[in-house]
Amino acid sequence: MELRQLRYFLVVADELHFARAAERLHMTQPPLTVAIRRLERELGVQLFDRTTRSVALTAAGQAFRERVQAAVADLDDAAGDVADVAAGKSGKIRVGFVSSASYTAVPEAIRAFRQQSPRIDLVLNPLTSGEQIEQLLEGNLDLGLIRDPGDVPGLNLELLSTEDLVVVLPESHPLAAATEIRPLDLEGEPMILFPYRLMPGFVARVLRLFDSLPTPPNVVQQAIHQETVLGLVAAGLGISVLPESVQRFQMPGVTTRRFAGRPQTELHVARPHGESPAVEEFVLCLRETVRG
């Protein structure tokens with residue numbers, strides 16, 4: 001049984017006239033008659049009562065029509081849905097992002113994208129850079145916003161924005177009186193960083209700032225989320241180094257100071273190789289948001 005036969009049957013059932021049905025189908029009547037008879041043989045039932053003057057559906061034909069109409073409509077809907085997904089008009093995008101991106105690119109990009117593509121569902125996952133890279137490579141994410149990734153085989157990386165790194169201090173810290181802080185000023189200070197495994201590029205970038213010191217940084221605590229780092233700094237457990245956008249998060253008891261030399265961190269868009277119109281549309285929103 002072919003879909004073409006089912007469509008022929010539905011047109012004949014609508015017209016109850018083989019000549020008019022053939023005209024609607026842009027074919028001659030004999031092959032249409034043959035196709036209906038073949039369908040009846042395959043089903044083992046008579047679908048139409050035919051006389052020289054009229055054509056009518058049998059009881060079996062009426063029941064078959066109701067089922068076929070629903071099935072063909074579902075197939076047509078499925079074909080339309082697939083076409084819309086392929087064209088980037090509907091579907092789902094799974095997006096991962098580091099917490100600092102939620103202060104910069106993500107909110108405005110989401111608003112713009114939802115206005116432009118309301119039929120595409122954005123599934124948002126706050127994840128560290130390491131977690132995103134793993135999930136992107138495993139096919140569990142469609143796009144990620146990650147910090148200082150370096151080169152990652154299997155992923156297409158695009159620099160989205162750069163921002164200065166700042167020193168995060170308790171408000172009562174003696175260095176809070178300074179306008180600018182050098183790496184030497186932080187020698188021996190207890191430091192709070194992200195776990196290297198989860199934010200390898202960013203942590204490596206921070207640690208390189210202290211390469212000139214005779215002793216490595218004194219990392220006393222690790223935390224996964226930027227907000228947690230701020231809370232630990234506010235509690236007086238140590239200082240930290242974070243992207244400048246952290247200043248948008250108002251944490252009582254915490255202050256930030258410029259780092260000498262204005263070292264920077266990079267936010268990248270990461271996605272698997274291959275084209276997706278919906279993902280590309282969201283990347284365009286991210287670019288426009290960053291350009292301001």
Side-chain angles (χ1 to χ4, degrees), residues 74-165 194 198-205 224-226 242-246 248-249 264-292:
D74 285 345
L75 285 171
D76 289 341
D77 287 345
D81 289 345
V82 169
D84 284 348
V85 170
K89 296 177 181 178
S90 67
K92 178 173 68 175
I93 304 177
R94 302 160 299 174
V95 179
F97 60 95
V98 290
S99 59
S100 57
S102 64
Y103 307 140
T104 53
V106 170
E108 286 298 326
I110 290 172
R111 278 191 283 271
F113 183 76
R114 283 181 169 161
Q115 288 179 349
Q116 294 174 198
S117 306
R119 294 172 56 201
I120 298 177
D121 183 24
L122 280 177
V123 180
L124 303 170
N125 300 279
L127 299 166
T128 65
S129 294
E131 290 170 330
Q132 288 183 66
I133 290 170
E134 182 177 323
Q135 294 203 27
L136 284 163
L137 293 174
E138 291 177 353
N140 297 321
L141 284 179
D142 301 304
L143 180 144
L145 290 167
I146 60 182
R147 284 214 170 270
D148 306 305
D151 182 37
V152 184
L155 293 183
N156 177 22
L157 298 171
E158 174 186 339
L159 176 62
L160 185 65
S161 65
T162 59
E163 59 180 301
D164 290 348
L165 290 169
F194 300 117
L198 297 178
M199 295 287 288
F202 180 79
V203 172
R205 179 160 294 200
I224 295 176
H225 301 294
Q226 194 163 253
L242 293 173
E244 186 179 28
S245 56
V246 74
R248 301 182 186 183
F249 188 88
Q264 294 188 319
T265 175
E266 298 178 347
L267 183 66
H268 287 247
V269 176
R271 44 187 163 154
H273 294 294
E275 295 183 1
S276 165
V279 170
E280 183 58 36
E281 189 67 31
F282 186 62
V283 172
L284 286 174
C285 290
L286 287 166
R287 292 181 190 135
E288 291 171 4
T289 297
V290 169
R291 292 189 192 113

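In what follows, every heavy atom counts, from backbone to side chain, and hydrogens, waters and symmetry copies are set aside.
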> Do Phe194 and Thr128 have side-chain heavy atoms sitting under 4.5 Å apart?
Replying inline: no

> Quick check: does any side chain N or O of Glu281 sit under 3.5 Å from a backbone N or O of Phe113, one acting as donor and the other as acceptor?
Replying inline: no

> How far apart are the closest heavy atoms of Val98 and Ile146, and which atoms are they?
Replying inline: CG1-CA, 4.2 Å

> Where is the tightest heavy-atom contact between Val279 and Leu143, given as atom of each residue plus distance?
Replying inline: CG1-CD1, 3.7 Å

> Which value, rounded to the nearest 0.5 Å, describes the distance between Glu131 atom CD and Ile224 atom CD1?
Replying inline: 6.5 Å

> Which value, rounded to the nearest 0.5 Å, describes the distance between Asn125 atom CG and Gln132 atom CD?
Replying inline: 8.5 Å

>> On a heavy-atom basis, which atom in Leu242 and which in Phe202 lie closest, and how many Å separate them?
In response: CA-CZ, 4.1 Å

> Nearest heavy-atom pair of Leu127 and Gln135: which atoms, and what distance?
Replying inline: CD1-NE2, 3.9 Å

>> Check whether Arg147 reaches the backbone of Val203 with its side chain - one donor and one acceptor, N or O, closer than 3.5 Å.
In response: no

>> Within this structure, what is the CD1-CG distance for the pair Ile93 and Leu141, rounded to the nearest 0.5 Å?
In response: 12.0 Å

>> Using a 3.5 Å distance criterion without hydrogens, assess whether the side chain of Asn156 forms a donor-acceptor pair with backbone atoms of His273.
In response: no

>> Can you tell me how far apart CG (Leu145) and NE2 (His268) are? Round to the nearest 0.5 Å.
In response: 11.0 Å

> Hey, what do you get for CZ (Arg111) to CD (Gln116), rounding to the nearest 0.5 Å?
Replying inline: 13.5 Å

> Distance-only, no hydrogens or angles: does the Thr265 side chain make a donor-acceptor pair with backbone N or O of Pro243 under 3.5 Å?
Replying inline: no

>> With a 4.5 Å cut-off on side-chain heavy atoms, are Ile110 and Val95 touching?
In response: no

>> Do Arg271 and Val283 make a side-chain contact, defined as non-hydrogen atoms from C-beta onward lying under 4.5 Å apart?
In response: yes

> How close do Val290 and Ala105 get, heavy atom to heavy atom, and via which atoms?
Replying inline: CG2-CB, 4.2 Å

>> Please determine whether side-chain contact (heavy atoms from CB on, under 4.5 Å) holds for the pair Glu163 and Leu267, giving the CA-CA distance in whole Å, both sets of side-chain angles, and the decisive distance to 0.1 Å.
In response: CA-CA 8 Å; Glu163 59 180 301; Leu267 183 66; 5.8 Å; no

>> salt bridge (Lys or Arg N to Asp or Glu O under 4.0 Å), that's the test. Do Glu288 and Arg291 meet it? Break it down for me.
In response: CA-CA 5 Å; Glu288 291 171 4; Arg291 292 189 192 113; 5.5 Å; no

> How far apart are the closest heavy atoms of Ser99 and Gln226, and which atoms are they?
Replying inline: OG-CB, 3.2 Å

> Nearest 0.5 Å, what's the CZ-OG distance between Phe249 and Ser102?
Replying inline: 9.0 Å

